[in-house]
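Every heavy atom of this structure was used, including side-chain atoms; hydrogens, water molecules and symmetry mates were not.
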Amino acid sequence: MVQHAATCPLYPTHWLRFAVATTGLLLQDPPDPGGDRISAMMLTDALAHLAELPNWETVTLKDVVDQVDWVESSPNREWLRSQCTCGALDG
């Protein structure tokens, strides 16, 4: 798993805070056009997967971040590279 610097927007704490906030923006009526749909989809996909597990009641925020599809080959590759400011996705 890629480790982002604590100052990078993709550092787990920063990304999770941002993903939750942007999901809220997209749920407004009408949706805020500034909402980041990719982060919202990554977050809700992870939550949906974890909710189906037998141990769903013991899921932590770290489990949520770990479940997110951060794979470089994912359809979100270009978005991930554009968000990373620490160089963890270079090379």
Let me see the working for Leu43 and Thr22 under side chain to side chain contact (heavy atoms under 4.5 Å, CB included), right down to the final yes or no.
CA-CA 10 Å; Leu43 175 61; Thr22 200; over 6 Å; no
Single-linkage hydrophobic cluster [X]~[Y], side-chain heavy atoms < 4.5 angstrom:
{"X": "Tyr11", "Y": "Val20", "result": "no"}
{"X": "Leu10", "Y": "Val64", "result": "yes"}
{"X": "Val68", "Y": "Leu47", "result": "yes"}
{"X": "Val2", "Y": "Trp79", "result": "yes"}

Could you tell me whether Leu61 atom CG has more than 12 heavy atoms of other residues or ligands within 6.0 Å of it?
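Check fails, neighbour count at 12 or below.
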Non-hydrogen atoms of [X] and [Y] that approach each other most closely:
{"X": "Cys8", "Y": "Cys84", "value": "SG-CA, 3.7 Å"}
{"X": "Leu89", "Y": "His4", "value": "CG-CE1, 3.9 Å"}
{"X": "Met42", "Y": "Trp15", "value": "CB-CZ2, 4.0 Å"}

Restricting to pairs with a member in residues 17-65, which pass ring-ring contact (aromatic ring centres under 6.0 Å, His included), not counting sequence neighbours?
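Sorted result for residues 17-65: empty, none.
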With sequence neighbours excluded, give me every side chain to side chain donor-acceptor pair (under 3.5 Å) pair touching residues 57-67.
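Every side chain to side chain donor-acceptor pair (under 3.5 Å) pair that includes a residue of residues 57-67, provided the two are not neighbours, is Thr60-Asp63, Lys62-Asp66.
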Acceptor/donor pairs from residues 28-38 side chains to any protein atom, 3.5 angstrom cut, sequence neighbours excluded:
unit_1: Asp32; atom_1: OD1; unit_2: Gly34; atom_2: N; d: 2.6
unit_1: Asp36; atom_1: OD1; unit_2: Ile38; atom_2: N; d: 3.1
unit_1: Asp36; atom_1: OD1; unit_2: Ser39; atom_2: N; d: 3.4
unit_1: Asp36; atom_1: OD2; unit_2: Ser39; atom_2: OG; d: 2.9

